Asker: 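Structure below; questions to follow.
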Amino acid sequence: MTKLVIVESPSKAKTITKYLGKGYTVKASVGHIRDLPKKLGVDIENGFQEEYEIPSSKAKVVAELKTAAKGATELYLATDPDREGEAISWHLLESIKPPKSMPVHRVLFNEITPSGIQKAMAAPTVINKKLVDAQRARRVLDRLVGYKVSQVLWDKVRRGLSAGRVQSVAVRLIVDREREIQAFNPIEYWVLKGRFAAKTPPAFWMKLTRLSGSPVQLGNKETKQRIASEKQAHALRDMIVAAAWKVTSLETKEKKRNPAAPFTTAKLQQEAAQKLRMSVTRTMQNAQRLYEGVDFGEGPVGLITYMRTDSPRLAPEAVTAVRELIAERYGKDYVPAKARVYKGKAAAQDAHEAIRPTDITRTPESMKNRLEPDQFRLYALIWRRTVASQMEAAVFDETVVEAETKLPSGEAAAFEAKGEIERFPGWLVVYRAAQEEQKAEEINESTVSEDGDEEAVGLPALKVGMPLKLEQLDTDQQFTKPPARFSEATLVKELEEDGIGRPSTYASIIATIQDRDYVKKHEGRFKPTELGCVVTDLLVQGFQELMEPTYTSGLEGQLDRVEEGDLTFLKAMKDFYGPFEKLLARAGKDMLNLKAGIPAGVECKKCKAPMLKRIGKNGLFLGCSRYPECDHTEELEKMEEPEDAPECPLCGSTPMNLRKGQFGPFWACTNYPACKGIRKADPKGIPVPPDQTLDEKCPTCGKNFVKRHGRYGEFVCCVDYPTCKTVKKEILGVPCPKCGGDLSPRKTRFGKIFYGCTRYPKCDFTAWDKPVPRACPSCKNPYMTEKTRKPRGKDPITVMLCPACAYEEPLG
């Protein structure tokens, strides 16, 4: 007889099995085992009781867990240590139904390490019913909103659309931002920059900051004084060049830059998106792998603490370990007299500490060749942030110099510059110890400075009253800029600040709003589709209160009250559903019907009747209100076309338009459908070249190979493909290090290129960097890899890197 431990992840189960040893059986539930059915699944009249069911895909898992429980003496529920994990433990208990005499324990593994496992097993608890009720309330709220509001959309817009308590508000934020951009009117202003020289070098640049004592506009923030035209700028330039200049003010003060707090989930998602160009989904996937355990040959080891947390605090033992490492690695001067303490937001759930390495002595350098590239970059980001958070502040001497004079017009003009000298690097030394590309990735404005100051300039030795010579004066035309579209990082920041959803749900929110075609990414930023705009407008019209960010964040506060025991599940549901039911009734009557058509405010080009905005199988379009008498239609959402439109392959001289079809973009003749000329396009709308016939013959059918462009890029295949399914693979000429087979380039489902063995699945060797047939000069490894580095502000460089010893040299 053994003790049964149930976790969520199979990989975590392997790691924990190694640490617990004999006497324990560790099984995985593989996530949730029960959920609401595809119907509503909530009995509103009977106290909002849920109708949970076990999906067919989990029937086998549940049966295995029941069998294991029958042969066990004790049951340990070790699902993830958060609100959702608590609910999964409750579902497991309800589904397995162990004997009443069997002891049932709840254990929380905040880190998957021997000490972390032993600590949790030595202090078991019971299932926290308050946490379970909070998660039940969240699930029921999401189901009621999603099911009921989506039904209204099905009636008014199109079947298959979805709405959600959080996702719809996220789409609204993106739509509102897009409309701010469209409504923005840029304002012209001019900036004057002068290069001044003192008695000793170097010469330095200063900006005109004041005229007649009032600040002049230097950015988006409007001021009373603005150099509004070229004429005004040139008139000022002529007077400034003729004037005499001297130092009128010189002030030097000490400036400290404190390190940022350790990572919470939301901050990790933001930083990884900004600095590693890693999506929120990829960030959480890699963090999950680091938490569950990575096998270095001696069994899996958990490298970071639990990655879903709102708290920036560190455990006392972790703080001690970090301070010891700082003293040993960087010196005692870098260790503050008192440990730094960070506090989260007032509403933060403080059940878990911040995301940190489980063993701070596992430095990024020691992990570099032992982790996958994305895992390594994320681990290095977490390690450096954790270490830096407990270090002394960086100290600078900041000098502000000002030169002021009176112009012939009677105005007083003042130029200003800031200079900075580093006195003590403090926490910055953690980042400077990294390689150049890591430094470029991980130090930017948000990490180094929070005051928004411009980059400081180098100043010579100066004194008040010292004359200055104006060597050069530039006048630059500028325009105020509209707010930027949301990136993944800035959207997560906005959701967090507004209290919308929880950080653990951000990845699924972002994925859902893209999957539903409500938003698309354009140059790495979110742009709403026409469908997203229309659905948002209809939801705001019908469910104004529900679509307010403050309302959504208020519901999150109610869920927190349920968790704290201040509010019961039933009371929370009743408080929500009464007003919500009234909203539903009103929306059903008042919301505009897109199926019938919504006035678009434009005339039909054919008959001058009003046009209506409608929706069809290929999306939104404009159709004449006199249909079927007039069948004129227009595309509503035009794709952004590349500069060079292709010619029609049928009529030749006619240009083509980029259109959106059921299977993606394509080019169609402007005379379509009179002329049926079309050309394929890639996902970005670039015309795809025609097939190129090659001399090589297909070994299967004897016909020629052709070079063709598909949805994943260029490939070589039989001319009869897909009738003949022969596709030629590119062979690199480097034997597989694992089995001796061939290596060829392949693509992940996200389109990223990697290199793998052609004998897959028998051989699972893969590499992200391209192997090349060249022996390493240092360790004689039979092959090296090509790696591209992208230092910030510099052109990318490609180097030859040995995967065995990390020997590196520039690519000749």
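What you see is a predicted model, and the numbers here were worked out from it, not measured in a lab.
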Asker: Determine yes or no for a side-chain-to-main-chain donor-acceptor pair under 3.5 angstrom, with Asp359 supplying the side chain and Thr361 the backbone.
Answerer: yes

Asker: Taking Thr2 for its side chain and Ala72 for its backbone only, find out whether a donor-acceptor pair lies under 3.5 Å.
Answerer: no

Asker: Judged by atom type as modelled, is there a donor-acceptor pair below 3.5 Å linking the side chain of Arg385 to the main-chain atoms of Arg356?
Answerer: no

Asker: Whether Arg165 and Glu556 form a salt bridge (side-chain N of Lys/Arg under 4.0 Å from carboxylate O of Asp/Glu) is what I want to check.
Answerer: yes

Asker: Has Arg289 got a side-chain atom pairing as donor or acceptor with Val294's backbone, closer than 3.5 angstrom?
Answerer: no

Asker: Apply side chain to side chain donor-acceptor pair (under 3.5 Å) to the pair Arg561 and Gln558, showing each step before the final yes or no.
Answerer: CA-CA 5 Å; Arg561 288 184 62 201; Gln558 292 292 83; 3.3 Å; yes

Asker: Are the side chain of Thr79 and the backbone of Gly85 linked by a donor-acceptor contact shorter than 3.5 Å?
Answerer: yes

Asker: In the structure I gave you, are the side-chain heavy atoms of Glu50 and Arg143 within less than 4.5 Å of one another anywhere?
Answerer: no

Asker: Is the shortest side-chain N to carboxylate O distance from Asp142 to Arg139 below 4.0 Å?
Answerer: no

Asker: When you check the gap from the basic side-chain N to the acidic O, do Glu74 and Lys3 get nearer than 4.0 Å?
Answerer: yes

Asker: Is a side-chain donor-acceptor pair under 3.5 Å present for Ser279 with Thr281?
Answerer: no

Asker: Main chain of Glu111, side chain of Thr305: is a donor-acceptor contact present, judged purely on distance under 3.5 Å?
Answerer: no

Asker: Work out which heavy atom in Cys802 is nearest to a heavy atom in Cys805; give both atom names and the distance.
Answerer: SG-N, 3.5 Å

Asker: Would Tyr506 and Gln269 count as a side chain to side chain contact (heavy atoms under 4.5 Å, CB included) if you check the C-alpha gap in whole Å, the side-chain angles of each, and the deciding distance to 0.1 Å?
Answerer: CA-CA 9 Å; Tyr506 293 159; Gln269 292 170 351; 3.3 Å; yes

Asker: Determine, step by step, whether Val7 and Leu77 satisfy the side chain to side chain contact (heavy atoms under 4.5 Å, CB included) criterion, reporting the C-alpha distance in whole Å, the side-chain angles of both residues, the deciding distance to 0.1 Å, and the verdict.
Answerer: CA-CA 7 Å; Val7 296; Leu77 299 170; over 6 Å; no

Asker: Taking the side chain as every heavy atom from C-beta outward, state whether Thr125 and His105 have any pair of such atoms under 4.5 Å apart.
Answerer: no

Asker: Both conditions, 6.0 Å and 45 degrees, for the charged tip of Arg34 above the ring of Trp90: are they met here?
Answerer: yes

Asker: I'd like to know if the side chain of Arg313 reaches the main chain of Tyr342, judged simply by a donor and an acceptor atom lying under 3.5 Å from each other, with no hydrogens or angles considered.
Answerer: no

Asker: Could you go through the salt bridge (Lys or Arg N to Asp or Glu O under 4.0 Å) check for Lys119 and Glu317 one step at a time?
Answerer: CA-CA 13 Å; Lys119 184 178 178 181; Glu317 60 271 20; 3.7 Å; yes

Asker: Decide yes or no for Tyr306 and Ile355: does some side-chain heavy atom of the first lie under 4.5 Å from some side-chain heavy atom of the second?
Answerer: no

Asker: Under a 4.0 Å N-O cut-off, is there an ion pair linking Arg377 with Asp374?
Answerer: yes

Asker: Is the closest side-chain donor-acceptor distance between Gln167 and Thr512 under 3.5 Å?
Answerer: no

Asker: Are the side chain of Glu488 and the backbone N or O of Val280 linked by a donor-acceptor pair below 3.5 Å?
Answerer: yes

Asker: Looking only at atom types and distance, does a side-chain atom of Arg340 sit under 3.5 Å from a main-chain N or O of Met391, one as donor and one as acceptor?
Answerer: yes

Asker: Please work out whether the ring planes of Tyr431 and Trp427 are parallel, tilted or perpendicular, with thresholds of 30° and 60°.
Answerer: perpendicular

Asker: Check the side chains of Ser553 and Thr550 for a donor-acceptor pair under 3.5 angstrom, ignoring hydrogens and angles.
Answerer: no

Asker: Would you call Lys27-Glu64 a salt bridge at under 4.0 Å N-O?
Answerer: no

Asker: The test is side chain to side chain contact (heavy atoms under 4.5 Å, CB included); show your working for Asp80 and Ile88 and say whether it passes.
Answerer: CA-CA 9 Å; Asp80 286 351; Ile88 293 175; over 6 Å; no

Asker: List the residues meeting ring pair (Phe, Tyr, Trp, His ring centres under 6.0 Å) with Tyr760, not counting sequence neighbours, and say none if there are none.
Answerer: none

Asker: Verify whether one side chain among His32 and Glu8 offers a donor that lies under 3.5 Å from an acceptor in the other.
Answerer: no

Asker: Are Glu86 and Lys130 within salt-bridge range, i.e. N to O under 4.0 Å?
Answerer: no

Asker: Could you tell me which non-hydrogen atom of Val387 sits nearest to which non-hydrogen atom of Ile326, and how far apart they are?
Answerer: O-CD1, 3.6 Å

Asker: Is a side-chain N or O of Thr309 found less than 3.5 angstrom from the main chain of Glu353, in a donor-acceptor match?
Answerer: yes

Asker: Between Gln288 and Arg308, is there a side-chain heavy-atom distance shorter than 4.5 Å?
Answerer: yes

